[in-house]
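Here the structure is laid out as C-alpha cells; the discussion comes afterwards.
Reckoned from all heavy atoms, side chains included, excluding hydrogens, waters and symmetry mates.
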Amino acid sequence: MASIVDMLWRATDLISTSPLALSIALAATCTTGLAVASRLLREADLELALSAGTLARLSPKSAARRKRARRHAHPALIMRALGDDRPNPFVSSNFEREPSRYERAKLAVGSVTLAPLRVLLICVLVLLAWIVASIGLIGAPPTGTSAPRPLGPVRRAILSPLRLLIRGVVWAFGYYSISHRGKPSRTARVIVCNHVSFIDAGILAASLEVAFVSGAHWARLPIGGTLAKAHHTIAVDSSSHASRGEVLGAISARARSEFAWPPTVIFPEGVTTNGRSLICFKKGAFAPGVTVQPVVIRYPHRHCDPAWVYAGPALGGLVRAMLCQFVNYAEVTWLPPYEPSADEAADPALFAKNVRELMASALNVPTSGHTLDDVALQREAQHLRVPEDAAVVEFERLSSLFGVDRATVAQVLATFARIDKEHRGELSLEQWLAPVADGDDRAAKDARQELEAVFHLLDVDECGRVDFREYLLAVLLLDSGASDAGTHRQEAIKFAWDALVGSSCERKIAKSKVRAVLCALGERDAAEALLSPEGAAGDGDGQLDFAEFGARVSAHLDVLRAFSRRLLERLPSSELGASPAADGDECFSDADSILVPNANGDDASERNSPTLGAAAIVVKAPEAKAAYL
C-alpha cells in the first residue's frame with residue numbers, strides 16, 4: 001500500500017513537468033503492474049533531473065568525473081585543476097528546457113490577464129516614487145560618489161515613503177510575503193549580499209534605508225537616475241580604472257565617516273548568478289576593513305526561476321514570466337555583523353574569502369572559482385558558436401595555478417572553436433583524428449595510434465570526449481612549463497614524455513623519433529640542440545630515458561613550446577601546409593616514415609620521419625609561430 005501511495009505522490013509531482021512520462025507509467029500500471037510503473041517513474045525522475053540539469057550540466061562527462069575511473073596516467077596538475085564538479089552558476093534552470101503544458105498555459109493566460117494589471121500597478125508606483133524622489137531632491141547637494149555628507153533629516157523624512165512604494169513594486173511582481181530571518185544591524189556601515197536577480201535591490205531597499213553601488217549606466221536613466229540619487233547610490237564605471245578607485249575611496253570614506261550615512265549595499269560577486277554557488281568576491285566591500293553585515297537571499301521556486309543570468313531568458317522574458325506567476329517566494333536571512341580580525345582588516349582578499357564561506361554555509365551551497373571573466377568567455381563562446389556553458393572554466397582557479405589572463409584563454413577558445421565542427425563544446429576521437437588522412441599503411445596507422453594516445457591523456461574523465469576545459473588545461477600546462485619562470489615545468493615534461501612514450505618512465509625513446517617530431521613541428525634548431533652529443537650525458541645507444549629526456553628538455557624549452565603548438569594547431573587538413581623539412585632534411589631518419597597531409601588536404605604523402613601524432617600535423621612555420629601564445 002505504501003508503494004502505491006508513493007507512486008501516486010511522485011506521479012502528481014511529475015504531472016506538470018513530464019506528462020508524457022506519467023502517461024507511460026500509468027499505461028504500464030494497467031498492463032504490467034505496479035513494479036514496472038514504479039521503475040518507469042524512477043526513470044522519469046532521472047529524465048526530469050537531467051532536463052533541469054542544464055543548470056549543473058549533468059552530462060556524461062560530469063558523471064564520469066564522479067566515478068574517476070583511471071585507465072590512463074593523466075597529468076596530475078590537470079586533474080587537480082579540474083577538481084570536483086561545481087554547478088555552472090551562470091545557467092538558469094529554465095535554459096534550454098521545454099516548458100510544460102501548465103507553464104505554457106500560464107504564460108498564455110497570464111499575459112492577457114494578470115500581467116497587464118501588474119504592469120499598470122508597477123507603472124503607477126514607479127511614477128509616484130519618482131515624484132516623491134524629485135520633491136525630496138529639490139535644491140539638494142550631490143548625493144553620489146563625491147557627496148561630502150548624506151541628505152539632511154528633513155529631506156530623508158520626505159523620501160521615507162519610497163520604502164513603501166518600492167515594497168509595492170516588489171509586491172506587484174508576486175512577492176506578496178517575504179520571509180525575514182534575523183535583523184539588520186544598526187552599527188554595520190556595509191552590507192554584502194549574494195546577487196541572483198534584479199529584484200534583489202528592491203527587496204533590500206524595501207527593508208530599510210540603504211545606499212547602493214551600481215553601474216553608472218543606471219544613474220543616467222531618466223527615472224532610475226533620480227531614484228538612484230535618492231538612495232545615495234555610488235555609481236561605478238567598470239571599464240574605468242579611475243572610476244573603480246573613486247568608488248573604493250567613497251565606500252571607505254562613508255564607512256569611516258562621522259555622519260550618519262545609510263549602510264551601503266554591495267553585491268561582491270559583481271554579477272548575477274543562479275544562486276547554486278557563491279562565486280569569487282571582489283575586494284571593494286572589504287577594503288575599508290570595517291564591520292560588514294552579510295545577508296543572503298533565496299528564491300524557492302518550482303516553475304519560475306528569477307535568476308537573471310547570461311545563459312537564461314532575456315530580461316523581457318524573465319519579467320514576463322515573473323508577472324505571469326501567481327505567487328513568487330523570497331527568503332532573506334540577515335547574518336550577524338562580521339567584525340574583521342587584524343589579519344583580515346590588513347588583507348581584503350582574506351576578509352572576502354572568510355565572509356564568502358560564511359554566506360555559503362548559510363545558503364548551504366558550495367563556493368567556486370568562477371568570476372566575471374567566465375561571463376565574458378561565455379559571451380565570446382556565443383560569438384564562436386560554442387555552447388556557452390563550455391567556456392565556463394572557473395577562471396580564478398586557472399589564474400591562481402597558471403597566472404593566465406582572459407585574452408590568452410579567449411585565443412585558445414577560438415582555436416578550439418575551429419576544431420569543434422559539431423559545436424558541442426567537446427571533441428570526439430574522430431574529430432581529434434580528423435587531420436590525419438585515412439589509410440592502411442604503417443604511417444597512417446602509427447599516426448592515428450599516437451594521436452589517440454594523446455587524446456586519452458587529455459580525456460581526464462575517460463568518457464570518450466575532450467571538453468574545452470581539459471584541452472585548455474593541457475595547453476596552459478605546457479605553456480607554463482616552457483616559460484622562463486619554469487612553473488610546473490616537471491609536470492609539463494612528464495606530459496610531453498607520456499605523449500611520446502606512454503605513462504611508463506621505465507621505457508626509452510629513440511632520439512631519431514624525437515628529432516623528427518620536432519622538425520615536423522618547425523623546431524629544427526631545437527631538435528639539433530636537444531639531441532646534440534654535448535646536450536646531456538647519454539649512454540650512446542641512440543635512445544633517451546625519462547631522466548635524460550627531462551634534463552635535455554629543461555635546457556631547451558622550445559621542445560615544450562612545440563608540444564603546446566601541437567595542441568593549438570589541431571586544424572583540418574585543408575588548412576595545413578607542407579612540412580618545412582619536406583625535401584630530404586637531415587632531421588628525418590630513413591628507417592621511419594610519417595604521414596603528412598598535402599597543401600590541398602585531399603591526399604597525403606609519406607615523409608621520412610617517426611610517427612608521433614603531432615608530427616602528422618605540419619603547418620607553415622610563420623603561421624605556427626604566430627599561433628603560439
For D200 and S197, test the side chains for any donor-to-acceptor distance below 3.5 angstrom and give the result as yes or no.
-> no
Under 3.5 Å, which donor-acceptor pairs do the side chains of residues 148-164 form with other protein atoms, sequence neighbours left out?
residue	atom	partner	partner atom	Å
R155	NH1	G136	O	2.9
R155	NH1	I138	O	2.7
R155	NH2	I138	O	3.0
R155	NH2	G139	O	3.4
R156	NE	E209	OE2	2.9
R156	NH1	A260	O	3.0
R156	NH2	E209	OE1	3.3
R156	NH2	E209	OE2	3.3
R156	NH2	A260	O	3.4
S160	OG	A157	O	2.6
R163	NH2	S207	O	2.8

Aromatic plane relationship, H232 with W261 - under 30° parallel, 30 to 60° tilted, over 60° perpendicular = perpendicular
Cut-off 3.5 Å, side chains only: do S111 and R320 have a donor facing an acceptor?
-> yes
Return yes when atom OH of Y329 has more than 12 non-hydrogen atoms of other residues, nucleotides or ligands closer than 6.0 Å, and no otherwise.
-> no
Nearest-0.5 Å distance, CD1 of residue I297 to CZ of residue F267 = 6.5 Å
Would a 4.5 Å heavy-atom cut-off, applied to side chains only, mark R406 and L377 as touching?
-> yes
Kindly check if the number of other-residue, nucleotide or ligand heavy atoms within 6.0 Å of NZ (K106) is above 12?
-> yes
4.5 Å side-chain heavy-atom contact, M359 and V192 | yes
Side chain to side chain, I122 and F173, heavy atoms closer than 4.5 Å | yes
Could you tell me whether the side chain of F468 reaches within less than 4.5 Å of the side chain of V409, counting heavy atoms only?
-> yes
Decide whether S368 and H370 meet the rule of one side-chain donor and one side-chain acceptor closer than 3.5 Å.
-> yes
Are D305 and S93 linked by a side-chain donor-acceptor pair shorter than 3.5 Å?
-> yes
Between the side chains of N354 and E344, does any donor sit under 3.5 Å from an acceptor?
-> yes
Flag if over 12 foreign heavy atoms under 6.0 Å of CD, E339 | no
Check against side-chain contact (heavy atoms from CB on, under 4.5 Å), R356 and L278 = CA-CA 7 Å; R356 182 172 72 133; L278 281 182; 4.0 Å; yes
Any donor-acceptor N or O pair under 3.5 Å, side chains H195, E269 | no
Would you call I191 and T264 a side-chain contact if the rule is heavy atoms closer than 4.5 Å?
-> no
Criterion salt bridge (Lys or Arg N to Asp or Glu O under 4.0 Å) on R469 and E394, from CA distance to verdict = CA-CA 9 Å; R469 197 174 175 197; E394 285 195 78; 3.3 Å; yes
Exam field: side chain S179 to backbone E331, donor-acceptor pair closer than 3.5 Å | no
Can you find a pair of side-chain heavy atoms, one from L335 and one from Q293, that are under 4.5 Å apart?
-> no
State whether the number of non-hydrogen atoms from other residues, nucleotides or ligands found under 6.0 Å of W130 atom CH2 is greater than 12.
-> no
So, do V213 and V236 sit near enough that their side-chain heavy atoms are less than 4.5 Å apart?
-> yes
Do other residues, nucleotides or ligands put more than 12 heavy atoms under 6.0 Å from the CZ atom of R104?
-> yes
